[in-house]
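Structure first, then comments.
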There are 2 protein chains.
Amino acid sequence: MTHDTESTPDLTRNQALVFGALSGAEGPLSAYTILDQLRDDGLRAPLQVYRALDKLVEFGLVHRLESLNAFVACNHPAGDAPGESHGTVAFAICEECGGVTEFAEQDVVKRLQGWARTEGFHATSTVIELRGLCESCAPA
Amino acid sequence: MTHDTESTPDLTRNQALVFGALSGAEGPLSAYTILDQLRDDGLRAPLQVYRALDKLVEFGLVHRLESLNAFVACNHPAGDAPGESHGTVAFAICEECGGVTEFAEQDVVKRLQGWARTEGFHATSTVIELRGLCESCAPA
DNA sequence: TGATGAAATGTTATGTCATAACGTTTGAGG
DNA sequence: CCTCAAACGTTATGACATAACATTTCATCA
Ligand SMILES: [Zn+2]
Ligand SMILES: [Zn+2]
Ligand SMILES: [Zn+2]
Ligand SMILES: [Zn+2]
């Protein structure tokens, strides 16, 4: 163990492999794509990848993109570092180049929390994903 | 054809069957659940359901819940009627009872549009889904 | 140090969601 | 009628995710 009060935990071998694959990728990867990339490192079965992903998501190092059924390494918008327990974030996903931008809009989060409060809804997680074209890919 | 300028189109047999199943349901249904419910009506294959769903979503009569891989009949928050071309809406999904509430928060949409504008991102669709417990299911 | 229990791992099989590819039917408009 | 686009039917396949069970790892502590 490497002490720590509440920072990023030590990763196991499989977790480190999966996190490495996601960190090195340009865009989101599916669990099976990750698996294919890690065959040479000894991974054989989807469950090995899914188990690592579950933990990485729990640690806040990786995010799942619900509208893509895929995963990306956390790329925190300026401010705190990845892995720091962070609140609700949003993603903009380019359908042309596959690029994903992670961003935080506190006003959006506050508004949704406001709605939840007035409705008595107790949110445990919030998904915000924009689909479209990024600046580079949008027509002039 | 029944004329119309831009209202809800006539549904084909399969579309009507699928829409009926969703309208009668208490919560979201997966395509395969819909299929099972419509076997007696002659539906045999997933594609028959998926094709109908594609159209119903296009018409704005049905929404796909990305975080559930399931579908719900549009249940517009007070204002205009289902099927009226409507903008971005959000969903609150209860993990206990399965209930789904569709709501519109114009400020949220505006704020996300603002972000997109400043980043040059051209959004074509937006997913907003809260997961948690509805008022009835939340602990006292 | 050696028992022990929680967490991680390995492996096989299965379940669930979605689409490719192809041919046929339907029906409005010319 | 003819034609063409849209909807339909069917089989096969691809893509995403988990159940179930046996084994290993390793920090903790008697
Ligand atoms: Zn993040
Ligand atoms: Zn792009
Ligand atoms: Zn709606
Ligand atoms: Zn509920």
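Quantities reported herein were computed from a predicted structural model and do not represent experimental measurements. Below, read A as the first sequence line, B as the second, and so on, with proteins coming before strands; counting in each chain starts at 1.
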Expressed in angstrom and rounded to an integer, what is the separation of [X] atom [atom1] from [N] atom [atom2]?
{"X": "B:Asp10", "N": "C:dA28", "atom1": "CG", "atom2": "C1'", "result": "13 Å"}
{"X": "B:Asp36", "N": "C:dT16", "atom1": "CG", "atom2": "P", "result": "10 Å"}
{"X": "B:Glu66", "N": "C:dT16", "atom1": "CD", "atom2": "C1'", "result": "16 Å"}
{"X": "A:Leu38", "N": "C:dG10", "atom1": "CG", "atom2": "P", "result": "12 Å"}
{"X": "A:Leu43", "N": "C:dG10", "atom1": "CG", "atom2": "C1'", "result": "10 Å"}
{"X": "A:Asp41", "N": "C:dG10", "atom1": "CG", "atom2": "P", "result": "12 Å"}
{"X": "B:Asn14", "N": "C:dT24", "atom1": "CG", "atom2": "P", "result": "19 Å"}
{"X": "A:Gln15", "N": "D:dT25", "atom1": "CD", "atom2": "P", "result": "16 Å"}

query = Would a distance-only check, ignoring hydrogens and angles, find a side-chain to backbone donor-acceptor pair under 3.5 Å from B:Gln37 to B:Ile34?
reply = no

request  = Would you please name every residue forming a side-chain contact (heavy atoms from CB on, under 4.5 Å) with B:Asp41, sequence neighbours left out?
outcome  =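 Partners of B:Asp41 by the side-chain contact (heavy atoms from CB on, under 4.5 Å) criterion, ordered by chain and then number, come out as B:Arg13, B:Leu17, B:Leu38.
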
query = What residues form a side-chain contact (heavy atoms from CB on, under 4.5 Å) with B:Ala138, not counting sequence neighbours?
reply = A:His122, B:Leu133

Contact under 4.0 Å: A:Thr12 side-chain N or O vs D:dT25 OP1/OP2 =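 It does not, given that no N or O in the side chain of A:Thr12 lies less than 4.0 Å from OP1 or OP2 of D:dT25.
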
ask   = Hey, does the side chain of A:Gln48 come within less than 4.0 Å of C:dG10's phosphate (OP1/OP2), counting only N and O?
value =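 Checking C:dG10 against A:Gln48, a side-chain N or O does come within under 4.0 Å of OP1 or OP2.
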
request  = Work out how much the helix from C:dT1-D:dA30 to C:dG30-D:dC1 bends between its end axes, five pairs an end, to the nearest 10 degrees.
outcome  =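 Between the axes fitted at each end of the helix from C:dT1-D:dA30 to C:dG30-D:dC1 lies an angle of 20°.
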
key: Minimal non-hydrogen separation, A:Pro28 against A:Val100, with atom names   = CD-CG2, 3.5 Å

message = Could you report the tightest heavy-atom contact between A:Cys74 and A:Gly60, atom names first, then the distance?
response =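 So the minimum-distance heavy-atom pair works out to CB-O, 3.6 Å.
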
inquiry  = For A:Arg64, give me all partners under salt bridge (charged side-chain N to carboxylate O under 4.0 Å, His left out), at least two apart in sequence or on another chain.
reply    = A:Glu66

request  = Heavy atoms under 4.0 Å is the rule here; annotate nucleotides 13-21 of chain D 5' to 3' with B where the base is hit, S where only the sugar-phosphate is, and - elsewhere.
outcome  = ---BBBBB-

inquiry  = Can you confirm whether A:Glu119 is buried at CD, in the sense that more than 12 heavy atoms of other residues, nucleotides or ligands lie under 6.0 Å from that atom?
reply    =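 More than 12 heavy atoms, drawn from other residues, nucleotides or ligands, come within 6.0 Å of this atom.
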
inquiry  = List the residues meeting ring-ring contact (aromatic ring centres under 6.0 Å, His included) with A:Tyr50, not counting sequence neighbours, and say none if there are none.
reply    =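 With neighbours one apart ignored, the set is empty.
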
key: Linked, directly or transitively: A:Leu22 and A:Leu11 (ILVMFWY side chains, under 4.5 Å)   =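 Yes, same cluster.
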
